[in-house]
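Structure, as structure tokens:
Source: prediction; values computed, not measured. Sequential numbering from 1 along the given sequence is applied to the chain's residues.
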Amino acid sequence: MVHLFRTSIGVMALAAAAFGAGGGAQAASGPFLAHQALYDLSLVKSRSNSINSARGRILYNFTGSSCEGYTSEFRQVSELDSGEGKITLSDLRSNSWEDAAGKSYRFKIETRMNETDAGRVDGSAERDGDHINVKLKLPAPKNFTLDGKIVFPTEQIQRIIAAAKDGKSLLELSVYDGSDDGQKVYNTLTVIGQPIPADRTASPDASTTDEHMKPLKRWPVTVSYFDRESQQKEGEQTPVYAMAFELYENGVSRQLVLDYNDFVISGAMGKFDAKDSKPCN
């Protein structure tokens, strides 16, 4: 269950980064939206009967612009009941910043399990030619390099939007988001469905009733995350987890479904507040 909350960082980094897509004017129509969103978490199903119930909330704030970069603040508080009085309470917090060109990325992640400190990650990554230099402060000081073809979460969502607009149905990317111990790289496979017109009736939530969202079309998207190291060593093809959501053309995501193989969690948007963004000078 610890892994659930660690990988949720990657999931919400993707959702939050949707509003900071590098080269936004080329990737999506209209400006990206600064906002605060609240998701209510619940158990959809437990395939192995390992989880009896789940509940929680995700709250994140997004601010920034293409000239100053994009900041996302994220917090997830979750409670999993595995039966016989076994309750796991997790409090996961992260703060990240990425510049609009996808060259620089900074991140801080803190995880608490059952009110005890279960781990912290603090680091930065800089793109330099054909490689990426990563500097970690926590969990231990370490410098290392990554393949320059790897993307950060902001560029990942920018490419998904661009692929959707081009009518593509598949997209493969390797992604680094600083999750786990700060050294993990995920291979991702994104499946993009047919666009949903703006006037198509949707199950209502706080985003569908917002005036910023009503004229926009969206796509059903599923992103599967694979352990890159395991794939290289063993040819492993089973995803560590997958997330499905509807992605609006301005980057907003709704109707989250997080699949962790043994069980599936849904995230229904309970609150959505658009914020004013400062224009670039």
Side-chain angles (χ1 to χ4, degrees), residues 1-18 35-62 72-96 107-122 138-139 153 177-182 184 186 203-207 221-225 227 238-246 252-273:
M1 282 185 282
V2 173
H3 185 67
L4 161 65
F5 304 112
R6 287 179 177 173
T7 53
S8 291
I9 281 290
V11 168
M12 292 314 298
L14 174 62
H35 76 291
Q36 182 181 82
L38 177 70
Y39 291 88
D40 295 309
L41 305 178
S42 61
L43 181 68
V44 175
K45 58 183 173 181
S46 178
R47 297 190 179 98
S48 63
N49 296 320
S50 59
I51 302 296
N52 288 350
S53 65
R55 63 177 183 172
R57 283 186 169 181
I58 291 171
L59 175 67
Y60 70 84
N61 286 284
F62 165 81
S72 62
E73 297 175 316
F74 160 82
R75 185 177 184 185
Q76 176 182 338
V77 179
S78 305
E79 182 182 274
L80 298 182
D81 182 353
S82 55
E84 298 180 355
K86 296 179 181 179
I87 304 293
T88 300
L89 179 65
S90 169
D91 188 346
L92 176 64
R93 308 180 191 200
S94 81
N95 186 299
S96 65
F107 52 91
K108 291 184 179 181
I109 303 167
E110 179 181 350
T111 308
R112 292 182 178 272
M113 303 294 293
N114 295 326
E115 300 183 352
T116 62
D117 193 348
R120 298 186 182 190
V121 181
D122 185 349
L138 296 172
D177 60 22
S179 58
D180 288 277
D181 60 357
K184 180 75 71 176
Y186 289 102
S203 54
D205 63 19
S207 68
V221 173
T222 300
V223 185
S224 297
Y225 285 74
D227 188 314
T238 302
V240 177
Y241 67 98
M243 65 176 296
F245 52 97
E246 289 184 0
V252 176
S253 301
R254 67 181 293 269
Q255 289 193 325
L256 297 177
V257 178
L258 315 179
D259 189 337
Y260 296 97
N261 297 320
D262 286 344
F263 56 95
V264 180
I265 300 288
S266 69
M269 187 181 287
K271 188 176 182 181
F272 180 86
D273 294 318

Locate the shortest heavy-atom distance separating [X] from [Y]; write the atom from each residue and the value.
{"X": "Ser253", "Y": "Met269", "value": "O-CE, 3.3 Å"}
{"X": "Gly178", "Y": "Phe107", "value": "CA-CE1, 3.8 Å"}
{"X": "Pro139", "Y": "Asp181", "value": "CD-O, 3.5 Å"}
{"X": "Asp91", "Y": "Arg93", "value": "OD2-NH2, 3.3 Å"}

State which residues pass salt bridge (Lys or Arg N to Asp or Glu O under 4.0 Å) with Lys45; sequence neighbours excluded, sorted by chain then number.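 Expected list: none.
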In chain order, what residues pass the salt bridge (Lys or Arg N to Asp or Glu O under 4.0 Å) check against Arg55, with sequence neighbours excluded?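 With neighbours one apart ignored, the set is Glu79.
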How would you list all residue pairs meeting salt bridge (Lys or Arg N to Asp or Glu O under 4.0 Å) that involve residues 255-268, not counting sequence neighbours?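 For residues 255-268, and leaving out neighbouring residues, the salt bridge (Lys or Arg N to Asp or Glu O under 4.0 Å) pairs sorted by first residue read Arg47-Asp259.
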Can you measure from [atom1] ([X]) to [atom2] ([Y]) and round to the nearest 0.5 angstrom?
{"X": "Asp177", "Y": "Tyr225", "atom1": "CG", "atom2": "OH", "result": "7.0 Å"}
{"X": "Phe74", "Y": "Asn95", "atom1": "CZ", "atom2": "CG", "result": "12.0 Å"}
{"X": "Met243", "Y": "Leu256", "atom1": "CE", "atom2": "CG", "result": "5.0 Å"}
{"X": "Leu41", "Y": "Ile265", "atom1": "CG", "atom2": "CD1", "result": "7.0 Å"}
{"X": "Asp81", "Y": "Ile51", "atom1": "CG", "atom2": "CD1", "result": "8.0 Å"}
{"X": "Arg75", "Y": "Leu38", "atom1": "CZ", "atom2": "CG", "result": "12.0 Å"}

Indicate yes or no: at least one non-hydrogen side-chain atom of [X] is less than 4.5 angstrom from one of [Y].
{"X": "Leu43", "Y": "Phe263", "result": "yes"}
{"X": "Asn114", "Y": "Leu89", "result": "yes"}
{"X": "Phe245", "Y": "Gln255", "result": "no"}
{"X": "Val77", "Y": "Ser90", "result": "no"}
{"X": "Leu92", "Y": "Ile109", "result": "yes"}

Has Arg112 got more than 12 heavy atoms of other residues, nucleotides or ligands less than 6.0 Å from its CZ?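 Correct, the count exceeds 12.
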Audit row: Arg120, Asp122, side-chain contact (heavy atoms from CB on, under 4.5 Å) steps and yes/no: CA-CA 7 Å; Arg120 298 186 182 190; Asp122 185 349; over 6 Å; no
Could you check whether the rings of Tyr241 and Tyr186 sit parallel, tilted or perpendicular, using 30° and 60° as the cut-offs?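 Geometry flag for Tyr186 against Tyr241: perpendicular rings.
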Checking side-chain contact (heavy atoms from CB on, under 4.5 Å) for the pair Lys86/Thr88: CA distance, chi angles, key distance, verdict? CA-CA 7 Å; Lys86 296 179 181 179; Thr88 300; over 6 Å; no
List for me each residue that meets side-chain hydrogen bond (donor to acceptor under 3.5 Å, both in side chains) alongside [X], sequence neighbours excluded, and say none if there are none.
{"X": "Asn261", "value": "none"}
{"X": "Ser42", "value": "Ser266"}
{"X": "Ser48", "value": "Ser50"}

Ion pair check, Lys108 and Glu110, cut-off under 4.0 Å: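 Looking at Glu110 together with Lys108, the answer is no, because their closest N to O distance does not fall below 4.0 Å.
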